[in-house]
Amino acid sequence: MSAVMQPTGEPAGFDAWGDDQHARVGFFTDTSVCIGCKACEVACKEWNLIPQDGQEWTGHSYDNTGELSANSWRHVAFVEQEKPLHANGDGTTGLRWLMESDVCKHCTHAGCLDVCPTGSLFRTEFGTVVVQEDICNGCGYCVPACPFGVIDKRHLPAPDALPAFLGTKEDGRVWKCTLCYDRLKGGHEPACAKACPTKSIQFGPLDELRQRADERLAKLQEQSWNGAQLYGRDPDDGVGGFGAFFLLLDDPEVYGLPPDPVVPTAKLPEMWRNMATAAAALLVGIAGVVALGGRK
Amino acid sequence: MGSNMAENHPVGFQWVMEARERGAKVIHVDPRFTRTSAMATKWVGLRAGTDIAFLGGIVNYILQNELYFEEYVKSYTNAPVIIDEAYTDTEDADGLFSGWDPKQGQYDVTTWSYEGMETHGSAGQREEGFSPKGEQSGHGGHGGGLSHGEPPSEDPELTHPRCVFQILKRHYARYTPEFVAETCGVAVDDFLYVCEALAQNSGRERTSAFCYAVGWTQHTMGVQTIRSAAIIQQLLGNIGRPGGGIMALRGHASIQGSTDIPTLYNILPGYLPMPHTEEYGDFDNYVEANVAPTGWWGNFREYWASLMCAYFGPHATEENEWLFEHLPRIDDDNSVYWTLEQMLEGNVKGYIIAGENPAVGNANGKANRLGLAKLDWLVVRDIVEIESASFWYDSPEIESGELKTDEIATEVFFLPAASHTEKDGSFTNTQRMLQWHYKAVEPKGDCRSELWFYFHLGRKIKSMLEESEDERDKLVNLLNWDYPVHGQIDEPSADAILKEISGYRTETRAPLSSYKELKADGTTACGCWIYSGVYQDGINQAARKKPHWEQATHVAPEWAWAWPANRRIIYNRASADPDGKPWSERKKYVWWNGEKWEGIDTPDFDETKPPDYVPPDDAKGPDAIAGDHPFIMQSDGRSWLFVPQGLEDGPLPTHYEPHESPFENALYSQRANPRRQQHKDAWWDPYNPVADEEGADRFPHVLTTYRLTEHHTAGGMTRSIPYLAELQPQMFCEVSPELAEQEGLEHGGWATIFTTRAAIEARVLVTRRIPPVTVQGRLVHQIGLPYHWGVRLLTSGDSANDLLHAALDPNVHIMETKGLTCGIRPGRRPRGKALQRFLDELRSYATEERLEPEEARKT
Amino acid sequence: MTTSYYGRPVIKEPTWTWEIPTYFFTGGVSGASSVLSTSAKLFGNEKLSRRALYIGAVFDAISPLLLISDLGRPERFHHMLRVFKVTSPMNVGAWILLVNGGASNTAAVLELLGILKPVKLLAELVATLFGPPLATYTGVLVADTAVPVWHEGRHELPWLFGASAAASAGAAATMFMDPDDAAPARRLAIGGVVAEGTLVHAMELRLGEVGEVYHKGTAGKLALAAKALAGGGAALLATKGRKSSAAATLGGALVCAGELCLRWSVFKAGVQSARDPKYTVKPQRERAQQNGGSKVTTLPRNT
């Protein structure tokens, strides 16, 4: 299992799977047809037996989930705007309501996977990024390493956690979307894609999805949709392209997404080199300080 | 309009999205900008309760600009028919039609009839001298009946001043774009956009469809609102054609089924009317009152007899007139709110609530809970203990002290119910389609399905009454009740019941193929004539699951089964012209091939009846319908622009203000629907002062209630599930920034909303999606409330429906939830004694019955 | 005003608890102490060498306990050693800590017992070589995340942590020694504090807007405390540390406290920069605009 980042668009370590290898699959989430029904959130919770994430009314339009987390692997965002859907002013309404089902991007170069010290996070034969929950020891390093704020630690009690007197009641591990790895192995599509009534969430081979997305973007441009753009489609972006990419109707930050995300690992080689120099300097520096001036 | 399809029918809405992707214009007219509006090409925000004005404006636009589909209108509707010369319109009598009897508070409809004809009662229609109280006239949408197939008096050129077409024109003449703008609070341009879009997209080559739900029906003029759409669609030639029609988006998975195989007090399966005590002395009399001389209701006797054979097996015979004299009869309006009234007066001993939560879902929640507290016994069947079952210890009235637990004598039995995955059965959806579902898991513990409950209840009652000599117990003993059971808990076979519903030959048990095979001689049994054929050839047609991409056409008739006879679009003969040729190649659906009717759907017409068939004078039943009249359930085979008989409140829709509104009627002195039902002298149903009445300024805002995708109706199914509850975890109100500023409401804070019925509290969601509108020259604010919450379960809160009054539509006794008035103020609501004082002060302005100017003048 | 989604953070803040910034400190002490110990031995200060050796060993023993305590599943701590993975500074660091800790404790025990001198020397050598990596890798660890103030501080952080480690190691040694023998340790403490302070300043210069978190909230308070305590301690050591045992102890303690605060200020600064979406969005949006759009966004043609 190679964990060294490769400069090409192929997910790191992906080609090491040999016989098991499949075409890389992912999601294309087309928010122009999202009706904000949250069937994706519910289907995901039901299939993956995910606990509830807190009964808290946010007042943020119809979004009471708030964000992706260990207990919300699909999150529908709602943004109300005083802007028409179409720019050509043809009998349109001056309001629009953006709705977007957010999910783990299953990045080509995944920060979470790169920094995972136990090898728990790995690249599957489908090109997806999955946490092995029997290996994760809850170090939490992946949490700040994700440029999108997806993966998180679960603090709720776990069925197999150590007894309370040992002080660890919490689940303590990190959780995120698995792209329904178990369903993929069974030849099925992920639960959210299956439940989505309007095919906002589309599942399939990634290159096919990318093509579809390009066509969709062209069509929306023809119809003068305001702000239509693809997010994460380009294999040359800062994470090598997303395994789950989007068609958005406004800038990413409107939806809480980073406008120019780069996997932290991109700078790691230079960081290691820098550290080596610093370490050497420390060695020499301490020795020097001791040497100069003798005992006094 | 009157619906929010994306939020409440998300799965069905995918087809709207597909249409949109192919270039269809999706227009959403609604007081709120909802998730449906977000997907629409155009949203028009109108004042809640003014749909008739808006739709009437469209009718007027079509008529004035001659945008109607002329050939369709002339040939297929009753536009040419001349109406009785005694008829006068609301335009002539300041808001009333001819025949208004102010003492009785109802219409005598004889002046609405076709000239030269005695309109004959349809199924469920009252006769002369017959008290109309409680009987829903013309229920089931089949309208009145005519004595002959063809009206005696018509003008094919549509010029006669008393022909329906001209009456229509006069009736709607004042529904100008300006009137619509002023009344509905919309911009003239937006209104014209809608008119143009509809008109351009109708005709030979194109069709337009309406989708509606309770935003239209839950009004004191609800039925007339749907009638308005029916007029538009008839004028534009959109009925019976692919891509046209008026789709009723029903409230849950099988509400259509619950009226087909009814849970309504006054109809029997297939919309046969319950016998009434008055004037139905014997069976022949009953049939006479209900059989239509012409059209498919002509076979009423056959449907009835077959139903009785299903119920009573060999005990029901032609000789004993199908046990008619032993049957229970209704003698009054036994609808929900009438029953509530009786409960409050202590006249109802016992009540069974199954899969419903009236303590939260019905209008005027407090009255409902007080009513439950008056029962001797109550049975509640549900998957969780809902508010209707727990009212005796946790209702708001317990909190306020109006009810005390140990003073409530009601004995409550809560019986846990199985959920839909724990039983076999069918759902009948909004498209009249029966879809079978299979049991996936056994119900846990004591949970039982509806079938199990009613079957074993019936079985036990039968065995308890076996030895009885009492006359009234006879029928129970004669009931045919031997359904097969299976499994550990003796679950009755849903399959067997579907077979019975579909119908069979009594001697051989051979399955029937359609209602045409039903006989009135005891040789056929059928549980519901419109469902006849669902078990055709001994195959459960409703269980067919061939996906549409494996079928030849988009009609996809091999997925499940739709009534009647698997027709997917009814009245589809209207998709062809009077000669039987499709109106266009693009919109061809069924056609006459020279020998018979064929098409991509089952033709909704006599297979071998040629387009040029003229019925002989003595023709009866279906044979009395001509070959170029597609509307075969109507006795003249035409669609009715003007309804001579069948409705309580007028042959034509008229703009009336809701029962509670901040405005006078811009057209008439008659402010609201004169025929609407009000609870006279009812202490439990006070009404807000309206328009310029004293105290109306305490309730200045328009209130509308609605559902969210995340919760289901009164919340029993969803507020108990953590991962659903967290999606909408608290009761909230939606207000505009302007209203928030005016009333001092803070986003994320609390507000108290109140009417003379109740005061509730909700979190404040300030949003631009429910803007104020300018009506009759002044700004009026609108407030939105989801109605899912009740006092218990994982997410709890105050119930919006506690605010509602129980004034009803006169045709169907439906409450007005979609447009009323209220007041609002910041902060949490008063409780205990303070609440009482607060409401007492508001009620000092209340009226118990709204006297309209017309009536006030008379008294 | 930077656009955001209801003011919510874009990334997730670290879930680490108090053990981690404390570990930065203890790991720094042990890493630098190994080098201090060997240097002292090389240049003839046996007392200092032994003191530094024991200090380093003790802190090397405490460090893993801190890390294990922070884990969500502490009983699975050994999973850190399932792989060797260079893309994971935490993994590499676990190995470094294992080696350094093992070596320093081996050397300390052997020193105490006075046996196996060649083995002890080898252990000391290993600890010395792995010490500087131990003291500096944590800078890479925090920088190799999406946390804005950490990632943007990646040039300075390993140096900063190294200097802080040096100061701490020196200061710790002075606390437990006779001032007469502690001169190199004192020099190290003072020099480390100066270097650390300079590096903090340099880092803030380069950080731009996100650097403001070092002056706000808890991070700001801790940064100030770090300067005061470390500076005060260094000054005390410089003036009175040679003569007074009490001053040496106090001065050393103040420097240690200051360096602990320094580590905590970096930690809290990270958390604060993660919480405010503007620190993530603004620089990225600016970068995208400068580059004529970012590749993550594909716009329609001719836009």
Side-chain angles (χ1 to χ4, degrees), chain A residues 3-5 60 67 77 114-119 135 137-141 143-147 149 152-153 162 168 170 172-173 217 221 228-234 236-238 253-256 258-261 264-265 267-268 271 274-275 278-279 282-283 286-287 289-291 293 295-296, chain C residues 3-6 8 10-12 14-16 32 35-36 39-40 43 45 71-77 79-80 82-83 85 87-88 90-91 94 132-133 135-137 140 143-147 151 154 158-159 162 166 183-184 187-188 191 280-281 284-285 287-288 294-300:
Chain A
V4 178
M5 186 181 96
H60 293 163
E67 56 184 12
D114 287 344
V115 303
C116 174
T118 61
I135 294 174
N137 63 10
C139 78
Y141 196 11
V143 174
C146 172
D152 201 4
K153 203 187 257 201
L162 292 178
T168 53
E170 289 186 2
R173 298 168 290 179
L217 184 65
Q221 186 193 15
Q229 54 195 275
L230 296 177
Y231 181 67
R233 179 250 181 273
D234 193 329
D236 282 334
D237 69 25
E253 54 264 45
V254 169
Y255 298 86
D260 189 22
T265 329
K267 303 285 185 207
L268 188 57
M271 286 195 250
N274 185 30
M275 181 209 127
L282 184 64
L283 184 70
I286 293 176
V289 163
V290 172
R295 289 180 86 93
K296 295 234 152 213
Chain C
T3 312
S4 73
Y5 184 69
Y6 304 105
R8 286 183 166 272
V10 172
I11 63 166
K12 294 263 192 292
T15 56
W16 299 323
V35 180
L36 178 59
S39 305
F43 294 103
N45 191 333
L71 289 177
R73 287 291 178 110
E75 72 276 16
R76 294 183 181 178
F77 70 91
H79 288 190
M80 292 300 195
R82 287 177 78 246
V83 297
K85 189 169 161 187
T87 61
S88 173
M90 188 180 283
N91 176 269
T136 53
Y137 92 91
V140 176
D144 190 27
T145 63
V147 175
H151 194 72
R154 62 187 178 275
W159 295 82
R187 281 199 300 276
L188 188 60
T280 302
V281 172
Q284 288 188 21
R285 179 47 67 196
R287 183 172 66 216
S294 78
K295 288 227 167 91
V296 77
T297 295
T298 308
L299 292 168

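- Options A:Ala287, A:Gly138, A:Pro259 differ in how many heavy-atom pairs under 4.5 Å they form with chain C, and the most are formed by A:Pro259.
- Of the listed residues (A:Gln229, A:Glu253, A:Arg233, A:Lys153), the greatest number of heavy-atom pairs within a distance under 4.5 Å of chain C belongs to A:Glu253.
- Closest non-hydrogen pair, A:Met275 versus C:Pro133, comes out as CE-CA, 3.7 Å.
- Using a 4.5 Å cut-off on side-chain heavy atoms (C-beta onward), C:Thr87 and A:Leu268 make contact.
- Proximity to chain C (any heavy atom under 4.5 Å) is shown, for A:Cys116, by both the backbone and the side chain.
- Chosen from A:Leu283, A:Leu230, A:Asp237, the residue pairing most often with chain C at heavy-atom distances under 4.5 Å is A:Leu230.
- Formation of a donor-acceptor pair under 3.5 Å by the C:Arg73 side chain with backbone atoms of A:Gly172 is not found in this model.
- Counting heavy-atom pairs closer than 4.5 Å to chain A, the top residue among C:Thr145, C:Thr15, C:Asn91 is C:Thr145.
- Of the atoms belonging to C:Trp16, it is side-chain heavy atoms, and not backbone ones, that fall under 4.5 Å from chain A.
- In this structure, the side chains of C:Val296 and A:Pro261 come closer than 4.5 Å at one or more pairs of heavy atoms.
- Looking at C:Ala94, neither its backbone nor its side chain comes within 4.5 Å of chain A, counting heavy atoms on both sides.
- For the atom pair NZ of C:Lys295 and CG of A:Asp260, the computed distance is 10.0 Å after rounding to the nearest 0.5 Å.
- Residue A:Tyr231 touches chain C through both its backbone and its side chain, counting heavy-atom pairs closer than 4.5 Å.
- With a 4.5 Å cut-off on side-chain heavy atoms, A:Cys146 and C:Lys12 do not count as touching.
- Options A:Ala278, A:Gly232, A:Pro147 differ in how many heavy-atom pairs under 4.5 Å they form with chain C, and the most are formed by A:Ala278.
- The candidate with the highest count of non-hydrogen atom pairs below 4.5 Å against chain C, out of A:Val143, A:Asp234, A:Ile286, is A:Ile286.
- Between the side chain of A:Asn274 and the backbone N or O of C:Arg154 there is at least one donor-acceptor pair closer than 3.5 Å.
- No side-chain donor-acceptor contact under 3.5 Å links C:Ser294 to the backbone of C:Gln284.
- The parts of C:His79 that come within reach of chain A are both its backbone and its side chain, each placing non-hydrogen atoms under 4.5 angstrom from that chain.
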